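In this chain, residues are counted from 1 in sequence order. Since this is a predicted model, take the numbers as computed values, not measurements. Atoms within a ligand are numbered from 1 in the order they appear, just like the ligands themselves.
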Amino acid sequence: MKTFIEPFKIKTIEEIPITTIEQRTQFLEDANNNPFSLRSEHITIDLLTDSGTTAMSAKQWAALMDGDESYAGSRSYYKFENIVRDITGFKHIIPTHQGRAAEKILFSVVGGKGLTIPNNTHFDTTRANIEYSLCDAVDCPVEVGTKPDVTAPFKGNIDLEKLEAVIKKAGPENIPLSMITVTNNSGGGQPVSMQNIRETKELLSKYNIPFFIDCCRFAENAYFIKMREPGYENKTIKEIAQEMFSYADGATMSAKKDGLSNTGGFLACNDDKLAEKAKTMLIITEGFVTYGGLARRDLEALARGFVEVLEESYLEYRIKQVENLGNQLIEAGVPILVPTGGHAVYLDAKRFAPHIAPEFFPGQAIANEIYRISGVRTVEIGSLMFGKKDENNNHVAPPMELVRLAIPRRVYTQSHIDYIAEAVIEVYNNREKLRKMKIVWEAEFLRHFTIKMEYID
Ligand SMILES: *Cc1c(COP(=O)(O)O)cnc(C)c1O
């Protein structure tokens, strides 16, 4: 059969708001032309993030009911621990309420002044937690990973030469651990190859540096390995994931992604001393070691989520849905980051709206117009999110100007995808009408959450 279908049927539904263009124009104005400030009740399709926005299965909802809310020694924790250990092989599995809590604990234990932590590309919360401990966070992406219009199978890889240069410059004794993020979220949701993970391990072993995986999207990464890396086509997703983790000494995870749940995370490692310190921090900041800031029923939902995320029919649907949206846009000539990654399609705002210079926020102008004409919310990842001012108050733009369309897991159907594509193509076909924007108010940190914008006429 040519038609690919959602490998599930719908048991319960949630209405989505249908609004008019006049209403949306007003909502956007009320939100100071910042989609982040919109109310969800005014959004028809929400592509702001794939984090914690998953639709849970009937079995997960049933598992919630079976949660054992004991403070200590809950059987729900042991179910969670069992499945996470089965996939990752790590000795210590420490639950947290989300990914950044695991990062906060890890870096308050191993971070500190004068130290360096490399990664393919640090996710923003990872970088923030490392820098908060006064440690340096260094990115080592492969060259091709920074070029939106160049296709390659594993654009998420870490550059081993750059990594070795960082190790030599900082001194291996000043690198408490080195990381790889799978898939590489900040680099466009691009996968990392098994070969790259293996070679990273070999390099780090040479210098005695522990290796950690930021594994938020480990199942999506494993699926890409199965599809693209020779030698893995006949392995199961679980076997591939197990091999990925076999090279690592530990991991952090936001289970709001490939845990197929609405909240949760973990820190895992093999080192007893590190685990002991982390567990002490956990008790101070999150909760006891058998729940880590979560309701125990959430651990039940996660334990089931980790089983479902390894199902190939789910992953095939997941990756093909994102790819299908990308292909519809490419066929209409819309410039996007290629190839499409695991969890999102990224519009290349520089080529989409070349008449708007980065300092006038082309990505934000595109995101606003998509919302205005369709009720689809997306997010700018460019000068608004990462732009800085130099000492002469000139705009310093990041390397890429993107608009991210993150796809929540199991939430939207193919007709929703068709609607999203139609909206983006419509904006693209009228792109010369997109207008420059300016900031009228901004917060000191993470300004994109609350920024106020106006159009320049
Ligand atoms: C989401 C994410 C995190 C942070 O997790 P939260 O659950 O949002 O705290 C860390 N790393 C990556 C790669 C992520 O995508």
Which atoms form the tightest heavy-atom contact between Y77 and I93, and what is the distance?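 Heavy atoms only, the tightest pair is OH-O, 2.7 Å.
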
Tell me which part of K256 gets within contact of ligand 1: side chain, backbone, both or neither, using heavy atoms under 4.0 Å.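 For K256, only side-chain atoms sit under 4.0 Å from ligand 1.
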
With E300, the side chain to side chain donor-acceptor pair (under 3.5 Å) member among S261, S74, S76: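 Option passing the side chain to side chain donor-acceptor pair (under 3.5 Å) with E300: S76.
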
Look at E308 together with R304 and state whether they make a salt bridge at an N to O cut-off of under 4.0 Å.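 Looking at E308 and R304, the cut-off is met.
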
Indicate yes or no: does R409 engage D258 in a salt bridge with an N to O separation below 4.0 Å.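 Salt bridge flag = yes for D258 with R409.
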
Please tell me whether Y317 and F8 form a close aromatic pair, meaning their ring centres lie under 6.0 Å apart.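 Ring centres of F8 and Y317 closer than 6.0 Å.
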
Can you confirm, on distance only, whether ligand 1 has an N/O atom lying under 3.5 Å from any N/O atom belonging to N185?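 By distance alone, the answer is yes.
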
Does any N/O atom on G264 come nearer than 3.5 Å to any N/O atom on ligand 1?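 No; every N/O pair is 3.5 Å or more apart.
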
Which of the numbered atoms in ligand 1 are below 4.0 angstrom from a heavy atom of [X]?
{"X": "R217", "answer": "15 (O)"}
{"X": "K257", "answer": "1 (C), 2 (C), 3 (C), 5 (O), 14 (C), 15 (O)"}
{"X": "T181", "answer": "13 (C)"}

[atom]: nearest protein contact (heavy atom, Å):
{"atom": "atom 10 (C) of ligand 1", "answer": "E103 OE2, 3.1 Å"}
{"atom": "atom 8 (O) of ligand 1", "answer": "R100 NH2, 2.9 Å"}
{"atom": "atom 4 (C) of ligand 1", "answer": "T125 OG1, 3.3 Å"}
{"atom": "atom 11 (N) of ligand 1", "answer": "D214 OD2, 2.8 Å"}

Quick one: pull up NZ in K277 and OG in S108 and give me the separation to the nearest 0.5 Å.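 Answer rounded to 0.5 Å: 11.0 Å.
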
As a quick check of understanding, evaluate ring pair (Phe, Tyr, Trp, His ring centres under 6.0 Å) for Y71 and Y291, giving each step before the final call. CA-CA 7 Å; Y71 189 100; Y291 75 87; 5.0 Å; yes

Please work out which of S254, S51, G52 has its closest non-hydrogen atom nearest to atom 5 (O) of ligand 1.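 Result: the heavy atom closest to atom 5 (O) of ligand 1 is in S254.
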
4.0 Å heavy-atom contact, G265 with ligand 1: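 Flag not set, G265 not near ligand 1.
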
Identify whether NZ of Lys or CZ of Arg in K257 sits under 6.0 Å from the centre of the six-membered ring of F123 and within 45° of that ring's axis.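 Because its charged atom sits under 6.0 Å from the ring centre and within 45° of the axis, K257 does stack over F123.
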
